[in-house]
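Lettering follows sequence order; numbering is per chain, from 1.
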Amino acid sequence: MTKQYWLVKSEPEAYSWADLVTEKETDWTGVRNYQARLHLNAMRKGDRVFFYESVSTKAVVGISEVTETATEDKTADKLGWVSVKLKAVKALSQPVTLARVKEEESLANVALIRQSRLSVMPLSKDEFTHIVNLGKKGA
DNA sequence: GCCAACGTTGGC
DNA sequence: GCCAACGTTGGC
């Protein structure tokens, strides 16, 4: 299967990109939204996942990779919720802020903007590449 | 099954 | 800290 691209959100006060870098790998638990769960279930090993920090940072800060597909989320009090395993790949040279994403006409349709409360969302390859480029030094 | 009330998320 | 948007719950 061809590689897919995603974005997950986290409040850095709860779990930050720096935390993932320190841990190297983590179980992405705590998703309690049906739409987000659909996306978690669709993730495949090797898919690239943007790490977006909400609230205080409001920027895409790093790239991670799916290392294990969805399994039962053991932190949930009911069965049926899932988590995936993510590992840190690399930080963006410069964070791509929400404001920056909003400036880009070709990124106007990303769920990050259109559905601000969704915490796990898909991105097209073009959208992913575009944001990666914005995150390069001097972009 | 509808809708009001409420809680949560997240931008500003 | 405020508020809009959204999801969930519960009464009818």
* Of all residues at least two apart in sequence or in a different chain, which pass the salt bridge (charged side-chain N to carboxylate O under 4.0 Å, His left out) check with A/Asp73? ->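 In terms of salt bridge (charged side-chain N to carboxylate O under 4.0 Å, His left out), with neighbours along the sequence ignored, A/Asp73 is linked to A/Arg32.
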* Structure fact -> For A/Glu68, the salt bridge (charged side-chain N to carboxylate O under 4.0 Å, His left out) test, sequence neighbours excluded, returns A/Lys85
* Asked: Would a line drawn from the ring center of A/Trp81 to the ring center of A/Tyr34 be shorter than 6.0 Å?
  -> yes
* Could I get the full list of side chain to side chain contact (heavy atoms under 4.5 Å, CB included) partners for A/Ala70, not counting sequence neighbours? => A/Asn41, A/Val82, A/Val84
* Between the axis at one end of the helix from B/dG1-C/dC12 to B/dC12-C/dG1 and the axis at the other (five pairs apiece), what's the angle to 10 degrees? -> 10°
* To do: Would you check if the side chain of A/Gln35 reaches a backbone N or O of A/Leu118 as a donor-acceptor pair within less than 3.5 Å?
  => no
* **Between A/Glu53 and A/Tyr15: side-chain donor-acceptor atoms closer than 3.5 Å** =>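 Note: A/Glu53 and A/Tyr15 side chains miss the donor-acceptor criterion.
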* Asked: Going by atom types alone, do A/Thr129 and A/Asp126 pair a side-chain donor with an acceptor below 3.5 Å?
  ->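 Looking only at side-chain atoms, A/Asp126 and A/Thr129 do not form any donor-acceptor pair under 3.5 Å.
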* Asked: To the nearest Å, how far apart are A/Lys102 NZ and B/dG11 P?
  ->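 Computing the A/Lys102:NZ to B/dG11:P distance gives 8 Å.
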* To do: Whole angstrom is fine here: how far is it from CZ in A/Arg114 over to P in B/dG10?
  => 18 Å
Enumerate the protein-to-nucleotides 6-9 of chain B contacts in which both atoms are nitrogen or oxygen and the separation is below 3.5 Å.
| from | atom 1 | to | atom 2 | distance (Å) |
| --- | --- | --- | --- | --- |
| B/dT8 | O2 | A/Arg117 | NH1 | 3.3 |
| B/dT8 | O2 | A/Arg117 | NH2 | 2.9 |
| B/dT9 | O4' | A/Arg117 | NH2 | 3.4 |

* To do: Output every pair passing ring-ring contact (aromatic ring centres under 6.0 Å, His included) with a member in residues 119-139 of chain A, not counting sequence neighbours, ordered by first then second residue.
  => A/Tyr5-A/Phe128, A/Phe50-A/Phe128
